[in-house]
Amino acid sequence: MGRLCLRDTLGYIGAGWRGKAAAGFLFLASPAWAEPVTVLALGDSLTQGYGLIEAEGFVPQLSAWLEAAGIPAVVINGGVSGQTTAGGAAQVAWSLTPEVDAMIVALGGNDLLRGIAPEVARTNLKRIMQEARAQDVEVLLVGLPAPSNYGAAYKAEFDAIYPDLAAEYGTALAPDFFIGLAGEEDVRARFFQPDGIHPNAAGVTRIVEALGPEVAALIAAAQMDAQ
């Protein structure tokens with residue numbers, strides 16, 4: 001993943017907190033699960049763990065969070081550095097192997113960096129959602145709001161992609177991957193690597209703490225589907 005405008009990105013991450021409490025409630029209300037749910041994390045370098053040792057990346061930290069919460073799950077790292085929504089759409093069919101029960105979709109940052117038209121990104125993400133539906137896989141769609149430097153019209157069109165698709169396909173939505181860093185002081189210095197783009201280990205921890213309840217709710221939905 002390349003350079004995002006961090007200031008603009010962090011300006012929009014407050015909206016996601018509304019979903020966290022509901023997801024946490026669903027997790028707390030869920031019964032104990034006998035068998036692990038397999039979750040595919042489909043994404044770019046933010047998912048892949050760019051610049052971090054393996055244990056500090058998003059997927060290992062999420063796996064540890066779920067284990068600490070007593071949720072048996074296997075999280076597959078489907079993150080590819082530089083991945084766009086087009087790449088994700090090309091990857092998803094063969095990535096959804098028979099054992100996968102649920103999928104986190106966290107794509108769009110590299111489309112923004114390249115100025116890809118929102119309608120193209122929407123079409124690609126829709127293909128991913130269609131494939132998940134065809135394979136009966138529960139989805140958590142994770143957004144990344146557009147920076148303001150592309151103009152208000154581009155931003156409005158891009159930002160609408162995630163809630164629109166979540167509503168159309170009846171899937172869970174986390175509005176912003178960076179929600180866990182909302183309201184923090186000295187965000188760039190404390191929670192990002194020197195490139196100012198990718199979170200450091202502490203930043204990933206905050207991100208996982210915010211997204212963890214959403215993933216717990218995703219796993220609960222997948223478990224219910226299997227019953």
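The chain is numbered in sequence order, starting from 1.
- Here the side chain of Lys155 pairs no donor or acceptor atom with the backbone of Ser148 at under 3.5 angstrom.
- Summarising the geometry, atom CZ belonging to Phe177 is positioned 9.0 Å from atom CG belonging to Leu144; distances are rounded to the nearest 0.5 Å.
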Practice item. Given side chain to side chain contact (heavy atoms under 4.5 Å, CB included), test Val74 with Val39 step by step and report yes or no. Key: CA-CA 6 Å; Val74 175; Val39 182; over 6 Å; no
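- Using a distance-only test at 3.5 Å, with no hydrogens or angles considered, a donor-acceptor pair links the side chain of Gln193 to the main chain of Pro199.
- When the side-chain contact (heavy atoms from CB on, under 4.5 Å) test is applied to Ala117, the partners found at least two apart in sequence or on another chain are Glu119, Val120.
- With no hydrogens or angles considered, no side-chain donor-acceptor pair links Thr171 and Glu138 at under 3.5 Å.
- The heavy-atom pair separating Ala174 from Leu140 by the smallest distance is N-CD1, 3.9 Å.
- Atom CD of Glu54 is surrounded by 12 or fewer heavy atoms from other residues, nucleotides or ligands within 6.0 Å.
- The side-chain heavy atoms of Leu113 and Asn110, taken from C-beta on, include a pair separated by under 4.5 Å.
- The side-chain contact (heavy atoms from CB on, under 4.5 Å) with Gln61 is formed by just one residue from the set Val75, Ile207, Leu66, Val204; it is Val204.
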Check your understanding: Taking it one step at a time, do Val215 and Leu62 satisfy side chain to side chain contact (heavy atoms under 4.5 Å, CB included)?
Key -> CA-CA 9 Å; Val215 178; Leu62 176 60; 4.1 Å; yes
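- Thr85 and Asp111 are linked by a side-chain donor-acceptor pair at a separation below 3.5 angstrom, with hydrogens and angles left out of the test.
- Side-chain polar atoms of Gln83 and Gln91 form a donor-acceptor pair below 3.5 angstrom.
- Nearest heavy-atom pair across Leu96 and Val100 is CD2-CG1, 3.7 Å.
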Practice item. Test side chain to side chain contact (heavy atoms under 4.5 Å, CB included) on Leu40 and Ile104 and set out the steps. Key: CA-CA 6 Å; Leu40 170 67; Ile104 301 165; over 6 Å; no
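- Listed here is the closest heavy atom pair of Ile179 and Ala210: CG2-CB, 3.7 Å.
- From Thr97, atom OG1 reaches atom CD1 of Ile76 across 5.0 Å, with rounding to the nearest 0.5 Å.
- Separating the OG atom in Ser45 from the CD1 atom in Ile197 is a distance of 8.0 Å, to the nearest 0.5 Å.
- Using a 4.5 Å cut-off on side-chain heavy atoms (C-beta onward), Met103 and Leu218 make no contact.
- Under the 4.5 Å side-chain heavy-atom criterion for grouping Ile, Leu, Val, Met, Phe, Trp and Tyr, Leu125 is not connected to Ile116 through any hydrophobic cluster.
- Taking every heavy atom of both residues into account, Val59 and Ala41 meet most closely at CG2-CB, 4.0 Å.
- Under the 3.5 Å distance criterion, with hydrogens and angles disregarded, a donor-acceptor pair is assigned to the side chains of Gln48 and Ser81.
- Under the rule for a side-chain contact (heavy atoms from CB on, under 4.5 Å), the partners of Arg206 that lie at least two apart in sequence or sit in another chain are Leu181, Glu184, Arg190, Phe191, Glu209.
- The side-chain heavy atoms of Pro163 and Leu173, taken from C-beta on, include a pair separated by under 4.5 Å.
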Practice item. Start with the C-alpha gap between Leu42 and Leu107, add the side-chain angles, then the distance that decides, and say whether side chain to side chain contact (heavy atoms under 4.5 Å, CB included) holds. Key: CA-CA 7 Å; Leu42 188 73; Leu107 287 165; 4.2 Å; yes
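- The aromatic ring centroids of Tyr50 and Phe58 lie 6.0 Å or more from each other.
- The minimum heavy-atom distance between Asp101 and Ala222, with the atom names listed, is O-CB, 3.8 Å.
- By the 4.5 Å heavy-atom criterion applied to side chains, Gln130 and Tyr169 are counted as neighbours.
- Between Val187 and Phe192, some side-chain heavy-atom pair lies under the 4.5 Å cut-off.
- For residues 93-152, the ring pair (Phe, Tyr, Trp, His ring centres under 6.0 Å) pairs, not counting sequence neighbours, are Tyr150-Tyr154.
- Taking 4.5 Å as the limit, some side-chain heavy atom of Lys126 sits within range of a side-chain heavy atom of Leu165.
- Nearest heavy-atom pair across Ala86 and Asn124 is N-ND2, 3.3 Å.
- Atom CD1 of Ile128 sits about 9.5 Å away from atom OG of Ser95, to the nearest 0.5 Å.
- Judged by distance alone, the side chain of Asp186 and the main-chain N or O of Ala189 form no donor-acceptor pair under 3.5 Å.
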